[in-house]
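To start, the structure itself, in structure tokens.
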Amino acid sequence: MSSAFPVATPPAAFSDVEPSIVARDVRKSYVGGDGGSLQVLDGVNLEVRPGEMVSIIGQSGSGKSTLLHVLGALDHADAGEVHIGGRHIASLREEALAELRGRSVGFVFQFHHLLREFSALENVMMPQLIVGTSERDARKRAEELLDLIGLMPRASHKPAQLSGGEQQRVAVARALANRPLALLADEPSGNLDPSTSERLHDLLFAVCREEGAAMVLVTHDLGLAARADRVLRLHGGELVAVGPEAGPPQAAE
Ligand code: ADP
Ligand code: MG
């Protein structure tokens, strides 16, 4: 049967490697505008292994950003467990949690959030300096990443002197600066035109494989989502595998 989506099970190559990121029965609710409770995550289970790429699709408001925040320890789950690099994050004190977040998780958001006053190179050095890497090593790694994303010639440019696509590539390099176990990307190309967006995804996929980072990519672009190893849909607060058996993409939405 032909389908735009890969099969839902992870490739065999990943099955005997320890997952970089694990979510078990994760639940989270918010208090809605009317004072009632809104159950956004209702038993999410996920394991992503080094070098594996998982994409998550789902309607607007289905909880995709909430899930990424919980997976990256930017937000707490109400119940269930999240493990990053084998560490149960709920058991960590704030200081250890901040350290884990800084070293082991890289985020790419829809809007790059680069520091405006700093050059591309300095933006990629920054997360490394924050965790205590020497300036020399941070510069070396930043140059290596800028080279990888094809932006060494723009190293001294500030964000305002870069195109939208270039800014997002710098944001990818910054997210990878500390060699994170997990790269979490929330509609990273949501703001870009289709061909720039496709190039950004090429880059994300290539660098994740190269660096062995586990990637969770949230995207509304089904074609790009389909290029990951697995595609999951967040629906009714749960992750559901999208595979050939799930029918065409439009039926999945
Ligand atoms: P998505 O990224 O899939 O569009 P979100 O995770 O941003 O969805 O939001 C899921 C739901 O939770 C939405 O209905 C949203 O309005 C609600 N929500 C998100 N953040 C908060 C918050 N801090 N307080 C209350 N409700 C929230
Ligand atoms: Mg969102």
Side-chain angles (χ1 to χ4, degrees), residues 18-50 52-113 126-128 130-132 171-172 174-188 190 208 213-220 228 230 232-241:
E18 280 300 304
S20 304
I21 199 153
V22 175
R24 281 203 200 111
D25 204 22
V26 165
R27 289 165 203 274
K28 185 165 181 72
S29 61
Y30 289 118
V31 178
D34 59 0
S37 170
L38 177 70
Q39 192 72 40
V40 178
L41 304 178
D42 198 12
V44 167
N45 289 287
L46 179 67
E47 292 190 353
V48 191
R49 294 177 162 73
E52 187 184 13
M53 300 176 299
V54 171
S55 48
I56 295 180
I57 57 173
Q59 287 175 346
S60 175
S62 60
K64 304 180 298 297
S65 295
T66 300
L67 174 59
L68 278 198
H69 290 162
V70 169
L71 288 177
L74 287 178
D75 202 353
H76 296 286
D78 300 335
E81 295 183 4
V82 172
H83 297 248
I84 300 172
R87 302 177 77 188
H88 181 194
I89 64 172
S91 70
L92 301 176
R93 289 169 183 274
E94 189 46 52
E95 204 173 305
L97 198 59
E99 167 103 5
L100 184 75
R101 228 185 265 127
R103 285 187 187 278
S104 304
V105 184
F107 278 96
V108 184
F109 300 98
Q110 179 171 0
F111 299 100
H112 57 75
H113 302 306
M126 200 65 73
Q128 305 176 73
I130 289 169
V131 299
V172 170
R174 179 186 54 181
L176 290 165
N178 287 332
R179 297 189 168 82
L181 294 169
L183 183 75
L184 307 176
D186 195 355
E187 310 212 21
C208 272
M215 177 161 80
V216 182
L217 166 71
V218 165
T219 179
H220 56 259
R230 281 188 289 157
L232 303 171
R233 179 166 51 104
L234 188 57
H235 183 74
E238 292 180 67
L239 285 176
V240 187

Can you give the donor-acceptor pairs under 3.5 Å from side chains of residues 61-71 to other protein atoms, not counting sequence neighbours?
unit_1 : atom_1 : unit_2 : atom_2 : d
S62    : OG     : Q59    : O      : 2.6
K64    : NZ     : G58    : O      : 3.0
K64    : NZ     : Q59    : O      : 3.0
S65    : OG     : D186   : OD2    : 2.6
T66    : OG1    : Y30    : OH     : 3.2

**Message:** Rounded at 0.5 Å granularity, tell me how far OG in S20 sits from CD1 in I84.
**Reply:** 10.0 Å
**Complete:** So CG of L74 and CG of L184: to nearest 0.5 Å the spacing works out to 8.0 Å
**Asked** side-chain hydrogen bond (donor to acceptor under 3.5 Å, both in side chains) with Q110: which residues, sequence neighbours excluded?
**Response** none
**Asked** Should the pair H113 and F109 be assigned to parallel (<30°), tilted (30 to 60°) or perpendicular (>60°) ring geometry?
**Response** perpendicular
**Request:** Kindly compute the distance separating OG1 (T219) from CD1 (I56), expressed to the nearest 0.5 Å.
**Result:** 11.5 Å
**Message:** Quick one, L41 with L234, criterion side-chain contact (heavy atoms from CB on, under 4.5 Å). Give me CA distance, side-chain angles, the key distance, then yes/no.
**Reply:** CA-CA 9 Å; L41 304 178; L234 188 57; 4.1 Å; yes
**Message:** Ignoring hydrogens, what is the shortest heavy-atom contact between G85 and L181? Give both atom names and the distance.
**Reply:** CA-CD1, 3.5 Å
**Message:** Please find the pair of heavy atoms, one from A175 and one from F107, that lie closest to each other, and give the distance.
**Reply:** CB-O, 3.4 Å
**Fill in**
Closest heavy-atom pair, M53 versus C208, reported as atoms and distance to 0.1 Å, is SD-CB, 4.2 Å
**Residues which pass side-chain hydrogen bond (donor to acceptor under 3.5 Å, both in side chains) with H220, listed by chain and number, not counting sequence neighbours** = E187
**Fill in**
dist Q39:CD -> K28:NZ (nearest 0.5 Å) comes out at 10.0 Å
List, one per line, each side-chain donor-acceptor pair under 3.5 Å for residues 92-105, sequence neighbours excluded.
unit_1 : atom_1 : unit_2 : atom_2 : d
E99    : OE2    : R103   : NE     : 2.6
R101   : NE     : A73    : O      : 2.7
R101   : NH2    : A73    : O      : 3.1
R103   : NH2    : V131   : O      : 3.0

**Message:** Can you give me the closest heavy-atom contact between P19 and E47, atom names plus distance?
**Reply:** CG-OE1, 3.9 Å
**Request:** Over all heavy atoms of both residues, which pair between S29 and D78 is shortest? Give the atoms and the distance, please.
**Result:** N-OD2, 2.7 Å
**Prompt:** Say you draw a straight line from CG of N45 to CD of E81; how long is it, rounded to the nearest 0.5 Å?
**Reply:** 10.5 Å
**Verdict with supporting geometry, R230 and E52, side-chain contact (heavy atoms from CB on, under 4.5 Å)** = CA-CA 9 Å; R230 281 188 289 157; E52 187 184 13; 3.0 Å; yes
**Minimum heavy-atom distance between A241 and L232, given as atom pair plus value** = CA-CD2, 3.7 Å
**Asked** At what distance, to the nearest 0.5 angstrom, does CG of L176 lie from CG of L183?
**Response** 5.0 Å
**Message:** Applying side-chain hydrogen bond (donor to acceptor under 3.5 Å, both in side chains), can you list everything that pairs with D25, at least two apart in sequence or on another chain?
**Reply:** R27
**Prompt:** Please, which pairs that meet ring pair (Phe, Tyr, Trp, His ring centres under 6.0 Å) have at least one residue in residues 71-99, sequence neighbours excluded?
**Reply:** H83-H88
**Asked** Short question: side chain of Q128, backbone of I130 - any donor-acceptor pair under 3.5 Å?
**Response** no
